[in-house]
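We count ligands from 1, going down the list as the structure has it; atoms in each ligand are counted the same way.
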Amino acid sequence: MEHIAADDRKFCTIDEAERGLARREFFFVYQPKLRLQQGRLSGFESLLRWRHPSRGVLTPDSFIDLVEDSPLTGSFTNFIVAEAAQTLVDWSARGYNTLSLAVNLPASEIGQPGLASKLSALLHNRSINASRLQIEVTESTDPGSIEVLASGVKSLKESGVSVAIDDFGAGCWSLTVLHRIGVDTLKLDRKFMCDIQDNANSKVVVEALVQLGQRLGMRVVVEGVETRAQFAWVSTIGHIDCQGYYISAPIGREQIDEFVSRHRLIH
Ligand code: G
Ligand code: MN
């Protein structure tokens, strides 16, 4: 289990983050995704953590806004995608050839010219099929225009990388992104799961969003599945992927083999 420090957002500085990157204080944990109905493991999402020298392990909530508003953003993107490529190489060597790996990048980074060609080169040089990498686009403080975002997503998809809209339905993403940005996957924010037990209306909303995503040709991932009851319910709503503490909290790199050994992988 992870040990997470309390919210220290206001105490982190960009200098500390820059030093932390140079000193390798940042690392990743991995949260599995399950393909329901087949009951197979479809892949993992890598989640950034900061082993801060005095404050313990911090989650992105404590520092990501700071990084995204700074010139360090590009360095973090490079770090995140390089680590992901290396992880996919390691997985291939272990025979986990079908597992995908998702990374989180802010909308502002998706619009940066050259991202798609950088990823193509990174994956091609390592003989990794680009479709095994998925970019989860997160909302960013300054998302830029939807046109820039849409063209960044288009370039990524042309390079073969898979793209998801992250945390849909609870933040600022509007319905517009569903038809203006051609992503492969829609991830429903975990807040929906919190109240499906007490609020029948929220079940209706989740079912409708799953259908909407699927009719637009997207794979849908339901996040934040924490209880057996939630899992039982999401298992009834169609061909979706699901993620959450009920399946597994994020795990360390060293726990991946054990987790994989207990599951059947997707084909
Ligand atoms: O926005 P995104 O889904 O990328 O956020 C991932 C974060 O959510 C991780 O830091 C992870 O620890 C947390 N998380 C993952 N699964 C669950 C869950 O089932 N419940 C809650 N409350 N948090 C979760
Ligand atoms: Mn995510």
Side-chain angles (χ1 to χ4, degrees), residues 1-9 26-34 36 41-52 56-65 67-68 76-77 80-81 83-84 87 100-110 133-141 143 153 156 161-173 177 183-197 202 206 209 213 218-235 240-253 255 259:
M1 203 53 181
E2 296 183 272
H3 298 281
I4 304 293
D7 186 346
D8 283 311
R9 187 178 343 214
F26 290 89
F27 65 101
F28 296 86
V29 289
Y30 302 83
Q31 189 173 33
K33 285 182 221 178
L34 210 59
L36 292 175
L41 182 63
S42 60
F44 288 85
E45 174 181 3
S46 78
L47 297 158
L48 188 62
R49 296 291 183 262
W50 184 0
R51 190 173 288 108
H52 190 282
V57 175
L58 305 178
T59 65
D61 297 342
S62 311
F63 58 83
I64 207 73
D65 289 351
V67 167
E68 282 178 17
F76 270 87
T77 297
I80 288 166
V81 300
E83 194 276 347
T87 300
S100 67
L101 179 62
V103 301
N104 292 279
L105 292 182
S108 55
E109 280 296 277
I110 306 304
L133 180 68
Q134 182 166 76
I135 309 291
E136 295 190 5
V137 187
T138 62
E139 288 176 345
S140 53
T141 36
V153 168
L156 286 172
V161 168
S162 155
V163 185
I165 290 287
D166 205 4
D167 302 328
F168 184 78
C172 307
W173 288 127
V177 299
V183 298
D184 314 89
T185 301
L186 185 64
K187 291 191 80 179
L188 301 187
D189 194 277
R190 62 174 178 270
K191 292 188 190 78
F192 287 116
M193 272 303 112
C194 298
D195 47 28
I196 63 153
Q197 236 41 53
S202 67
V206 172
L209 287 175
M218 293 181 258
R219 183 173 285 291
V220 179
V221 183
V222 174
E223 299 184 289
V225 176
E226 294 184 355
T227 66
R228 177 192 289 268
Q230 288 169 342
F231 183 76
W233 181 71
V234 295
S235 300
I240 56 173
D241 281 12
C242 112
Q243 207 178 6
Y245 293 163
Y246 182 73
I247 294 135
S248 170
I251 58 177
R253 201 185 180 81
Q255 294 166 287
F259 190 90

(message) Does ligand 1 come near enough to E136 that some N or O of the ligand is less than 3.5 Å from an N or O of the residue?
(response) no
(message) Please check whether K187 reaches ligand 1 - meaning an N/O of the residue sits under 3.5 Å from an N/O of the ligand, judged on distance alone.
(response) no
(request) Apply the side chain to side chain contact (heavy atoms under 4.5 Å, CB included) test between L156 and each candidate in L133, L105, I110, V137; give the one that qualifies. (result) I110
(request) Grab the two heavy atoms, one from V234 and one from I240, that are nearest each other, plus how far apart they are. (result) O-CD1, 3.8 Å
(message) Could you report the tightest heavy-atom contact between L36 and C242, atom names first, then the distance?
(response) CD1-CB, 3.9 Å
(request) State, to the nearest 10 degrees, the angle whose vertex is the Mn ion (ligand 2) and whose arms point to OD2 of D166 and OD1 of N104. (result) 80°
(request) Kindly report the OE1-the Mn ion (ligand 2)-OE2 angle for E136 and E45 respectively, rounded to 10°. (result) 90°
(message) Using heavy-atom distances only, which candidate in E139, E226, K191, E45 approaches atom 4 (O) of ligand 1 most closely?
(response) E45
(request) Check whether any side-chain heavy atom of F259 sits under 4.5 Å from a side-chain heavy atom of Y30, and report yes or no. (result) no
(request) Report yes if some heavy atom in the side chain of Q230 is under 4.5 Å from a heavy atom in the side chain of V222; otherwise report no. (result) no
(message) Distance to the ring centre below 6.0 angstrom and angle to the axis at most 45 degrees; does that hold for R51 and F27?
(response) yes
Atom indices of ligand 1 within 4.0 angstrom of [X] heavy atoms, with elements:
| X | result |
| --- | --- |
| E223 | 2 (P), 3 (O) |
| P250 | 11 (C), 12 (O) |
| N104 | 4 (O) |
| R49 | 9 (C), 10 (O), 12 (O) |
| D167 | 1 (O), 2 (P), 3 (O) |
| Q31 | 15 (C), 16 (N) |
| G224 | 18 (C), 19 (O) |
| G244 | 16 (N), 19 (O) |

(request) Apply side-chain contact (heavy atoms from CB on, under 4.5 Å) to the pair Y246 and R228, showing each step before the final yes or no. (result) CA-CA 7 Å; Y246 182 73; R228 177 192 289 268; 3.8 Å; yes
(message) I'd like to know if the side chain of Q134 pairs up with that of S100 as donor and acceptor (distance under 3.5 Å, no hydrogens or angles considered).
(response) no
(request) Could you walk me through whether D241 and R219 pass the side-chain contact (heavy atoms from CB on, under 4.5 Å) test, one step at a time? (result) CA-CA 8 Å; D241 281 12; R219 183 173 285 291; 3.8 Å; yes
Location of contacts on [X] toward ligand 1, heavy atoms closer than 4.0 Å:
| X | answer |
| --- | --- |
| T59 | neither |
| Q243 | neither |
| T138 | neither |
| M193 | neither |

(message) Treating D184 as the side-chain partner and V163 as the backbone partner, does any N or O pair qualify as donor plus acceptor under 3.5 Å?
(response) yes
(message) How long is the straight-line distance from CD of Q31 back to CD of Q243, given to the nearest 0.5 Å?
(response) 4.5 Å
